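It should be emphasised that the depicted structure is a prediction, and the values quoted were computed from it without experimental measurement.
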Amino acid sequence: MLHLVPRSSSSSDLLEGLNDAQRTAVMHTEGPLLIIAGAGSGKTRVLTLRVAYLMQAGVHPSHILALTFTNKAAQEMKERIGHLVGEGTGARMWAGTFHSIFARILRAEAEHIGYTSGFTIYDTDDSLAAIKAVMNAMGISQQVMPPQGVRSRISSAKNAMVSWQEYVRKADSIQEKQTGQIYEEYEKRLTQSNAMDFDDLLLNTIRLFERHDDVLQKYQQRFRYLLVDEYQDTNRAQYIAVSMLAKAFRNVCVVGDDAQSIYRWRGADIRNILDFQKDYPEAVVVRLEQNYRSTKTILSAADAVIKNNRKQLAKTLWTENPEGEKITLLACRDDREEADAIVRTLRERISKSNFTYKDVAVLYRTNAQSQSLEDALRRSNLPYHIVSGVSFYKRKEVKDTLSYLRLLVNPADSESVMRVINEPTRGIGATSLQRIAEWAQQRNVAMFDALREVGMIPNVQKRTVTAVLEFVDLIDRHRALLEELSPSSLAQSYIEATGMMQQYKQLDTEESRDRWNNIDRVLSHIAETQERDDTLTLATYIEQIALLSDADDPQLGNNRVAMMTMHAAKGLEFPLVVIAGLEQGLFPLAKAELDMNEQEEERRLFYVGITRARQQLVLSYAERRYRFGELVFNRPSMFLSEIDKALFDEKSQKGSRAIEPMRASHGMDQRPESAAPVRRSYGDRGGAARGYGAIPPPSSGPAGRPKESYSQVPASESYSQEPTSSSGLRVGMRVKHPMFGVGTVAGLSGSGQQAKATVQFLNGGRKQLMVAFAKLEVI
DNA sequence: AGAGCGTCGCTTTTT
DNA sequence: GCGACGCTCT
């Protein structure tokens, strides 16, 4: 053991202050290890200490690979290990997300699988654009086949390791057959563009390992000690990749908590963690059950909630922490009132309990909820930030800039070509582009190569040819400088040369100045990144951006109230946590009300939310809220009634019926329309309350803000169910449409001739139909 | 080619 | 309620 370890951490120091289970986990160095880590049980501490312990035991850092789900988790792990063993030593181990680590491997080995190392990573938007392009070329209507659905079906297939060949073979419905054809063309387009989507980063790594045993062996030898965080969230592909790497040494340590599995929708397969002992019969299992994070009250609430899930590993989380404050429930009339109530509560607590802004997190189920909360925080001047790092990179001008940069590294990237070729306008119109694209497809060459030959393509105007060649030259000219200039100065002069900045400068409107600024921010960011990392290349920069996630928020350290979805909050903790929008249909989401698996996942998500809190927990719901610009009534979430009433403070207990023990009608096995429908008197007003299958509670008097038509709702209707429209349709009914097939009514709006029904069809399509015209047959 | 207008779908969660 | 996209007109 020759690498440097600071004297202060001898191995006995490392083990100090650990409980028995933690110590066992840290000291287990050889052979498979499963750590079931309850929320707040010191998981990260154990992981980092274990790595330090391994290094002290003589394992070279470069033989250790840690896989996480977010860049942030990887970053944190690296930092903490750096503290323990010295930064230089810590930096020599590989730690990163599945996607970034595999991207790194694929760059090094790209030729083996027919790529070049400059391949581009397509994000969800890029791959959607590619799918649309493919569908256009194939003449498939995007009306009948929503590209979004195609994308998600293809993605699920990839996550389950189903190739297009297999998909085509197994397809039996017309939808699936068509999806299969699109899948095939999409794959071809990706390969031709020298591009991979997120899922490919995993799949191609597996392919690489399967086809090139020598390569696999190389990485098996390098990564002798594997560590996988959040193992309950691994999907099929990730599971297989880990198994392949672990095969030689079987030193694989996985950490997870089945109660915190919240990515089933993304292909996460909880069986991976449940079956770990089958895969590795010699595995040692350690349970971390002592919680160091939360008060007894918070933990009791979390436990009470998760107990309602049937599929669960038995586990008892306990704590020596004090009882702590009771839980507060804010029962509000509408979303605006909810936001105000939350702000008021935060102000109170911050002054009374010595919290500062950064001690507080406001969590919600859907990003859309951030709007009203944000407004309220802004109005009252509470410093806040929204954790959703992607939004900046979704701006048009930012995407354009990045696309230009991508072209420099990988000119074959057709999605980028299409995006920027006429940005700023160069007189290259849609018609010309289509001709070029067709020509490219006929000859099976990448778009950029077709552009070079544009002079030979029939029916392209002389002027257009000149413009195209100038564009090609712009890219080529700067491409030649890739080796010579630093990423930052190249990007600077190149983006300047594209004319984008000039275009926005000339416009000189507030919006265009904004856009100009954003481009400038990207360029400065490159400069900064380069300063911190002198090995930076444009390729690695672009990759970092592509793999950025919501949870990777640079602002998180600042003294501000944090707002984020519960998904983004996983792995974080805050002294005070507010969970907003606890309403049936929103949390749990409407589609989880009938589907037990979905419902259990929602409940786990709630569990994750609750266990983020260290000291105080505030829950809130609104009786009505705007959704899609329409007012919607909600019942309080069933999850609220699962928490013992005694855990709430007195005021909350009095203030709301929501925490009364569950009534029979409350979700679970009941279909929402099973209660007797009550006629609504405002049926002809148009735009009936299209609830999430919800009832306005009796307390809902006229509210301040809602549209007039709703403030008049007579009290007698308070308990009415989802309105039965004149057509006799109700939410949840199964119907048959002559063209689209069988589906379920997901929503109703309007009435009489204007009545519309939203129907979720079994083939995945979702349509809003005029009840009067669509021949819907109730089945 | 580009501006202007209307329609549609969107909000579940992310690498 | 908004933004993306497609259509039409100039």
Q. Can A:Arg419 and A:Asp125 be counted as an ion pair, charged N to O under 4.0 angstrom?
A. no

Q) Among B:dT13, B:dT15, B:dT12, which nucleotide sits nearest the side chain of A:Lys591? A) B:dT12

Q) Just how far, in rounded Å, is C1' of B:dT14 from OH of A:Tyr263? A) 6 Å

Q. Touch check for A:Phe587, heavy atoms < 4.0 angstrom, all strands: base, sugar-phosphate only, or nothing?
A. nothing

(Q) Regarding B:dT13, can its base be found pairing with the side chain of A:Arg365 as donor and acceptor, where the two atoms are less than 3.5 Å apart? (A) yes

Q: Using distance alone, with no hydrogens and no angle criterion, decide if A:Ser416 and A:Arg406 have a side-chain donor and acceptor under 3.5 Å apart.
A: yes

Q. Parallel, tilted or perpendicular: which fits the ring planes of A:Phe198 and A:His99, with parallel below 30° and perpendicular above 60°?
A. perpendicular

Q | B:dT11 pairs with, by Watson-Crick or G-U criteria that keep both distances under 3.5 Å | A | none

Q: Using a cut-off of strictly less than 4.0 Å, decide whether A:Ser155 has a side-chain nitrogen or oxygen near OP1 or OP2 of B:dT14.
A: no

Q: May I ask you to say what A:Lys396 touches in the nucleic acid, namely base, sugar-phosphate or nothing, with a heavy-atom cut-off under 4.0 Å?
A: nothing

**Q.** NZ/NE/NH1/NH2 to OD/OE distance under 4.0 Å, A:Lys399 and A:Asp123
**A.** yes

Q) Is the count of non-hydrogen atoms from other residues, nucleotides or ligands lying under 6.0 Å from A:Gln502 atom CD greater than 12? A) no

Please write out the pairs of protein N or O atoms and N or O atoms of nucleotides 2-7 of chain B separated by less than 3.5 Å, giving the distance to one decimal.
| unit_1 | atom_1 | unit_2 | atom_2 | d |
| --- | --- | --- | --- | --- |
| B:dG2 | OP1 | A:Thr425 | OG1 | 2.7 |
| B:dG2 | OP2 | A:Asn422 | ND2 | 3.4 |

Q) Once you round it to whole Å, what is the distance between P of B:dT12 and CZ of A:Arg625? A) 14 Å

Q: Select from A:Glu602 and A:Phe198 the residue whose nearest nucleotide in DNA chain B is closer to the 5' end of that strand.
A: A:Glu602

Q. For the pair made of CG in A:Asp375 and C1' in C:dC2, what is the distance, rounded to whole Å?
A. 14 Å

Q: Could you state the atom-to-atom distance from CG of A:Asp229 to C1' of B:dT15 in whole Å?
A: 15 Å

Q: Search all heavy atoms of A:Ala103 against all heavy atoms of A:Leu547 and return the closest pair with its distance.
A: CB-CD1, 4.5 Å

**Q.** Stacking check A:Trp265 vs B:dT13 (5.5 Å / 30 deg)
**A.** yes

Q) Does the side chain of A:Ser372 come under 3.5 Å of the side chain of A:Asp335 through a donor N or O and an acceptor N or O? A) no

Q: Ignoring backbone atoms, establish whether A:Lys570 has a side-chain N or O less than 4.0 Å from OP1 or OP2 of B:dT14.
A: no

Q.
At 4.0 Å (heavy atoms only), tell me whether A:Thr124 reaches a base, stays on the sugar-phosphate, or touches nothing.
A. base

Q) Taking atom P of B:dC10 as reference, at what distance in whole Å does atom CZ of A:Arg627 sit? A) 12 Å

Q: May I have the distance from A:Tyr626 (atom OH) to B:dT11 (atom C1'), rounded to whole angstrom?
A: 18 Å

Q.
B:dT13, OP1 or OP2 - any side-chain N/O from A:Asn367 closer than 4.0 Å?
A. yes

**Q.** Whole-Å distance separating the CG atom of A:Leu363 from the C1' atom of B:dT13
**A.** 13 Å

Q.
What's the separation between atom CG in A:Asp229 and atom CZ in A:Phe98, rounded to the nearest 0.5 Å?
A. 9.5 Å

Q) Rounded to whole angstroms, how far apart are NE2 on A:His567 and C1' on B:dT14? A) 8 Å

